[in-house]
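Numbered from 1 within each chain, the chains take letters A, B, ... in sequence-line order. Side-chain atoms are counted along with the backbone in the values below, which use heavy atoms only and exclude waters and symmetry mates.
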Amino acid sequence: MALLEVRRLTKRFAGLTANNSIDLDVPEGCLFAVIGPNGAGKTTFFNMISGFMPPTDGTIAFAGETITGLRQDRIAAKGLVRTFQLVQLFKGLTVAENVEVGFHLATRGGVAAALARPSWFRRQEADVHARARELLGFVGLAGVADQDAELLPYGQQRLLEVARALAAKPRLLLLDEPAAGLNAHETDALAEVVQELNRKGTTVLLIEHDMALVTRIAHRIAVLDFGCKIAEGTPDEIKRHPDVIAAYLGTEEAAHA
Amino acid sequence: MTSHASTSTSPVRRGAPGWLGRTGYVGLGGAVLIALLFGFVFVKGGYLLTVMQLAMIYGVFCVGLNFFMGYTGQASFGQNAFAAIGGYGSAILCVEYGLPPVLALLVAMAIAGVAAVVVGWPTLRLRGHYLAMATFALGLITYDVSVQWESLTKGYMGYAGIPPLGIGPFEVEDERAKLVCLMVILVFGLWVSGRLRNSRFGRALRAISTSEPGAAALGIRIPYYKLAAFVIAALYASVAGSLFAHVVGFISPEVFGLQMVVVTFTMLYVGGIGTVLGPAIGAIVASLLPEIVRSTGRFQDIAYALLLLGLLVYAPKGLSALSGLGRPRAAEPKPGS
Ligand SMILES: Nc1ncnc2c1ncn2[C@@H]1O[C@H](COP(=O)(O)OP(=O)(O)OP(=O)(O)O)[C@@H](O)[C@H]1O
Ligand SMILES: [Mg+2]
């Protein structure tokens, strides 16, 4: 049984079928990539899996449990955490505080605990504080922990969003174009972080435009085009797949030639 | 604008603890200024005491409103409704039912809290302008009820003869003692606010204020936290209403009317929305300004408006941002990025 099992997932927007009966299995431990041209329906696919958009049809099972139609925070609580194509940082908070918010699910205590500050709560806050800094170290942002998040350059904002998602201890991490807008150096840094966290046991489902990056790090790739899954396989299989070359690589390589 | 920009960004950079640069001195200066102000008011007495008493009461209201509007970033134009519940609750419970003031205050708070849950549950699903409109309607409805339900509220005439605050045989009747009492309550309210802000709970609220999708994706139950912030704001508002009733001894629908919404918004923005101390600073400053401009005679409204405008232009993040006291949000993008 795969960790994520998507069956016949379909999304229609007035007249437009953004996702057309997509089947996908993401095995535990896999670094899985979804690629496809602009408007292929990749983000829509993520939005449905993470509960940000109800599917028109189809089912989503996570760790053997149906999660179709659950609220976003319930899905996150089950260990399925996502990032966004447009960075969604908490702007009034420092870099470290952003990651501390990520520990929300892993911690407890509300108003009463915050007021009374019993010893378990103080320990927990200290722990969150320390572990947030550890995670920032992991993505290479330790030096800017106390800065305001919105003052970070764009590349670091993306890394921060990944660190924040990791704090939620995902079993499956959905990354929506985490390398979009990054320069070559930042992309390498990000790729390393993604590979490293995958090695540490987090299953990753990654949307990415950068073919070179995807074929380098992904174990398995699915290709969407006009809302349909047109191919799935290992990076080598995908690179050779005629439909993929026509729909995606072909146009890109033609553009680069 | 440019010269101002550089002075207002610097406090925003969070220095190491114990660092006392220019911003630290501004904070220290502010604290000294407030101490001097209270000293002066205590010595001088008279009308200024009343002004400061009301400033403390509005301060309590604003510290609560800040939970919802500042930390959580939602708009409410109707929090005065809960102040009315507090005020009328205390008045009626004390005068008609002979409850001691402290108990009446607590009962009124409980009623306001329940009302906030009942009203907030459906409305908080609305977003942006719709939520603002719904809360605005709530304020108007409460005003109408307090005018129309004469058997309960005495309508336009208002409710008089409300006993002063007190515990058992001790009644706080001296004006200076009242002010001290209110100061203690406001400081307690600030303590609660600061403690909640810098905790798991407060971080969740502040996350919601800038990115709801981001917060939801990390497992934060957005409707629950919005409701919690709304109810906390209502509890503070209710306390403010009760305090007004006991300190002034008289309430009427106008006390909790639209004027209150306008005044408290001004205070929140002047002091610094989203900061811990901002609402209290704003309440004091916005209460004193009319007294300061009074000398300008018939131009006082214009002078007041100009002063407010000046404050909002030159301290757009509020006065507390000038000191770095309230840990303000940062703003300007890093040069060259
Ligand atoms: N909320 C919506 N309402 C209507 N149409 C939508 C909505 N969201 C997406 N679409 C449409 O669905 C299609 C797929 O969009 P989607 O954002 O999923 O593509 P994508 O593969 O993520 O593209 P990109 O690579 O540009 O991010 C597009 O044609 C888009 O315009
Ligand atoms: Mg997309």
inquiry  = Under 4.5 Å from any heavy atom of chain B, what part of A:Ala116 do you find: side chain, backbone, both or neither?
reply    = backbone

message = So which atom in A:Phe52 and which in B:Ala216 form the shortest heavy-atom distance, rounded to 0.1 Å?
response = CZ-CB, 4.1 Å

remark   = Of the listed A:Gly109, A:Ala167, A:Gly102, the one with the largest count of heavy-atom pairs under 4.5 Å with chain B is A:Gly109

message = Would you compute the distance between atom CG of B:Leu218 and atom CG of A:Asn98 and round it to the nearest 0.5 angstrom?
response = 9.0 Å

task = Look up atom CZ in B:Arg200 and atom CZ in A:Phe121, then write down how far apart they are to the nearest 0.5 Å.
result = 8.0 Å

key: Which atoms of A:Val128 approach chain B - backbone, side chain, both or neither, heavy atom under 4.5 Å   = side chain

task = Against chain B, work out which of A:Arg74, A:Arg164, A:Lys78 has the most heavy-atom pairs shorter than 4.5 Å and name it.
result = A:Arg164

ask   = Going from CD on B:Glu212 to CD on A:Gln72, what distance comes out if it is rounded to the nearest 0.5 angstrom?
value = 9.5 Å

remark   = Okay, A:Glu125 and chain B: the region with an atom under 4.5 Å from a heavy atom over there is side chain

Which of A:Ala76, A:Gly51, A:Ala149 touches chain B most, by non-hydrogen pairs under 4.5 Å = A:Ala76

request  = Check each atom of A:Gln124 against the heavy atoms of chain B and say whether the ones under 4.5 Å are side chain, backbone, both or neither.
outcome  = side chain

request  = Might you confirm whether atom CZ of A:Phe13 has over 12 heavy atoms from other residues, nucleotides or ligands at distances under 6.0 Å?
outcome  = yes

Best-contacting candidate, B:Val192, B:Ile208, B:Ile220, B:Ile232, against chain A by heavy atom pairs under 4.5 angstrom = B:Ile220

message = Taking the six-membered ring for Trp, are A:His104 and B:Tyr225 closer than 6.0 Å centroid to centroid?
response = yes

ask   = Under a 4.5 Å cut-off applied to non-hydrogen side-chain atoms, are A:Leu89 and B:Thr210 in contact?
value = no

task = Please check if atom OH in A:Tyr154 has more than 12 non-hydrogen atoms from other residues, nucleotides or ligands closer than 6.0 Å.
result = yes

query = Relative to chain B, which segment of A:Ser50 carries a heavy atom at a distance below 4.5 Å: side chain, backbone, both, or neither?
reply = neither

inquiry  = What's the separation between atom CD1 in B:Ile222 and atom CG in A:Asp73, rounded to the nearest 0.5 Å?
reply    = 7.5 Å

ask   = Is the shortest distance from a Lys or Arg side-chain nitrogen in A:Glu97 or B:Arg206 to a carboxylate oxygen in the other one below 4.0 Å?
value = yes

task = Sort A:Ala168 into side chain, backbone, both or neither according to what part of it lies under 4.5 angstrom from a heavy atom of chain B.
result = side chain

remark   = So, the part of B:Ala215 with a heavy atom under 4.5 Å from chain A: the answer is both

query = Do A:Arg117 and B:Ser199 pass the side chain to side chain contact (heavy atoms under 4.5 Å, CB included) test, and can you show the C-alpha distance, the side-chain angles, and the key distance before you say yes or no?
reply = CA-CA 9 Å; A:Arg117 302 229 162 175; B:Ser199 74; 4.0 Å; yes

message = Is it true that, when you exclude B:Arg195 itself, more than 12 heavy atoms of the residues, nucleotides or ligands shown sit nearer than 6.0 Å to its CZ?
response = yes

